[in-house]
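Numbering starts at 1 and runs along the sequence shown.
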Amino acid sequence: MTTMTEASVREFKMPDVGEGLTEAEILKWYVQPGDTVTDGQVVCEVETAKAAVELPIPYDGVVRDLHFPEGTTVDVGTAIISVDVGGGSAAPAAEQPAAVRPAAAAPAEEPKAAGSGRQPVLVGYGVATSSTRRRPRKGPEVPVQQVSTAIQTELNGHAPVAPAAPEAAATAAPAGTERPLAKPPVRKLAKDLGVDLTTVVPTGPDGIITREDVHAAVAAAVPVVTEPQVAPAPAAVQAPASYDTARETRIPVKGVRKATAAAMVGSAFTAPHVTEFVTVDVTRTMKLVEELKADKEFTGLRVNPLLLIAKALLVAIRRNPDVNASWDEAAQEIVVKHYVNLGIAAATPRGLIVPNIKDAQAKTLPQLAESLGELVSTARDGKTSPAAMQGGTVTITNVGVFGVDTGTPILNPGESAILAVGAIKPQPWVHKGKVKPRQVTTLALSFDHRLVDGELGSKVLADVAAILEQPKRLITWA
């Protein structure tokens, strides 16, 4: 029997899973002391100020210790699990492979102290200086959603290898096989139908698997490989995240909610907000939405008023480019962006998040519809990556889905404008000299008055309203 020595024990440290983050809370352990782990195997799920992410272990061995129970917030660079590699086949802890971190992340084993110059990812989040501490957990255990293979690949450098059943081994992808190319909605469809994408023959451009390819695989009765379900951690390491008194329920503020609160407070008291409103007849836009739903170019895509509102805002920004800017306090400069990373506010069980569509200004209407659909489905599944929430320039928040007429939205830190869209509903409206029932909505544009004066803000809002009233302007103003 081999004796376990200290030399064979490797310490896996909390990595910086989002560029510049300083801490993460351990939500769930997938392993226990004595379990055997392999390189790339997910051992725990953590929540940062941006999102929930599953962490893969970077070497093979046997779990020796879990240094923190679930519900503990741990600083980046702190060892969280010890693994006996039985012969030192893995890299020493001081040389933890970069593959466990996103490409742009700072090394987890070299956390910088407060005041060392480390910058927060988003203005208003700040750099945490607190030490490791215990936070309470929820009573009922919430099932953990599997983070997509794409996120695991980003963290680990390759796709995680799931143990296949003996009868399915013949169809499993061999080691080193490239991950099949497919968009998130197609991956979700394949997962729902139990289709192994490595067995699907792609017909899309550049070898991309399409929805039709997945359905064809089902029709041909292609053997599938399903992912094994991870057993929940024992209740012994769980603690309630909220607790009741006789007349109150107290819920700790942490993770995404804590970061959002800090960001909004920082934004509200840093950038001088101005909000303007306009009520507009969008009857023609609603008719266009119905026409696009029947257009073959939009088959399989989600077409709704938000799509045309987003396109209208992009056209307005192109006509008024100075609105797409940020304020550089250190350099005392206004930075005008020549690209638009369009943020879409999304309410999720973890709190409000604002993922953005990169280079939205360069997308055609069908491409924009596809990107919006992917963004929404990914957010609903709780799989939005930290990278998807970085670098936004302008945001849309659709309060109308809740039946709200309008609001005064607060800017996302680092952005110059945010458009709130109210409920679209029939109202009496003077149309061609007569009062008729028309589809009407109210738009509200908040902007940073350091960057955007009243004239510029008014032009942007007026352009959006004009396009929604006469959507043919999407063509004439393009």
Locate the shortest heavy-atom distance separating [X] from [Y]; write the atom from each residue and the value.
{"X": "Leu197", "Y": "Ala182", "value": "CD1-CB, 4.2 Å"}
{"X": "Val200", "Y": "Ile209", "value": "CG1-CG2, 3.8 Å"}
{"X": "Ser326", "Y": "Leu451", "value": "O-CD2, 3.6 Å"}
{"X": "Gly207", "Y": "Pro202", "value": "O-CB, 3.4 Å"}
{"X": "Ala325", "Y": "Ile334", "value": "CB-CG2, 4.0 Å"}
{"X": "Val452", "Y": "Val323", "value": "CG2-CG2, 4.0 Å"}

| request: Please assess Ile80 against Cys44 for the test side-chain contact (heavy atoms from CB on, under 4.5 Å), listing each intermediate value before the final yes or no. | output: CA-CA 10 Å; Ile80 60 175; Cys44 68; 4.2 Å; yes
Point-to-point distance, once rounded to the nearest 0.5 Å, from [atom1] of [X] to [atom2] of [Y]:
{"X": "Leu342", "Y": "Leu314", "atom1": "CG", "atom2": "CG", "answer": "5.5 Å"}
{"X": "Leu55", "Y": "Phe12", "atom1": "CG", "atom2": "CZ", "answer": "5.0 Å"}
{"X": "Glu47", "Y": "Thr73", "atom1": "CD", "atom2": "OG1", "answer": "9.0 Å"}
{"X": "Leu66", "Y": "Asp35", "atom1": "CG", "atom2": "CG", "answer": "8.5 Å"}
{"X": "Leu445", "Y": "Leu419", "atom1": "CG", "atom2": "CG", "answer": "6.0 Å"}
{"X": "Gln361", "Y": "His338", "atom1": "CD", "atom2": "NE2", "answer": "11.0 Å"}

Is [X] reaching over with its side chain to a backbone N or O of [Y], donor-acceptor style, under 3.5 angstrom?
{"X": "Asp359", "Y": "Ala362", "answer": "no"}
{"X": "Thr378", "Y": "Leu375", "answer": "no"}
{"X": "Asp60", "Y": "Asp39", "answer": "yes"}
{"X": "His273", "Y": "Leu411", "answer": "yes"}
{"X": "Glu45", "Y": "Lys28", "answer": "no"}

Within a strict 4.5 Å, meaning less than it, do heavy atoms of the [X] and [Y] side chains meet?
{"X": "Arg302", "Y": "Leu372", "answer": "no"}
{"X": "Ile317", "Y": "Thr393", "answer": "no"}
{"X": "Phe298", "Y": "Leu365", "answer": "yes"}

| request: Given side-chain contact (heavy atoms from CB on, under 4.5 Å), test Trp327 with Glu333 step by step and report yes or no. | output: CA-CA 6 Å; Trp327 180 274; Glu333 294 175 340; over 6 Å; no
| query | Considering residues at least two apart in sequence or located in another chain, which fulfil the side-chain hydrogen bond (donor to acceptor under 3.5 Å, both in side chains) criterion with Thr397? | reply | none
| query | Looking at residues at least two apart in the chain, or sitting in another chain, which of them share a side-chain hydrogen bond (donor to acceptor under 3.5 Å, both in side chains) with Ser416? | reply | none
Under the side-chain contact (heavy atoms from CB on, under 4.5 Å) test, residues paired with [X] that sit two or more places apart:
{"X": "Ile208", "result": "Leu181, Lys183"}
{"X": "Ser82", "result": "Val9, Glu11, Arg64, Asp65, His67"}
{"X": "Val37", "result": "Val31, Gln41, Val43, Ile57, Val63, Val83"}
{"X": "Thr210", "result": "Thr203, Glu212, Asp213"}

| task | For Ile410 and Ile418, run side-chain contact (heavy atoms from CB on, under 4.5 Å): C-alpha distance rounded to whole Å, both residues' side-chain angles, the deciding distance at 0.1 Å, then the answer. | result | CA-CA 7 Å; Ile410 297 177; Ile418 178 171; over 6 Å; no
| said: Given Glu415, which partner from the list Asn356, Thr395, Asn341 fulfils the side chain to side chain donor-acceptor pair (under 3.5 Å) test? | reply: Thr395
| Just one of Ile357, Ile344, Val376 clears the side chain to side chain contact (heavy atoms under 4.5 Å, CB included) bar with Ser371, so which one? |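 With Ser371 as partner, Ile357, Ile344, Val376 yield a single side chain to side chain contact (heavy atoms under 4.5 Å, CB included), made by Ile357.
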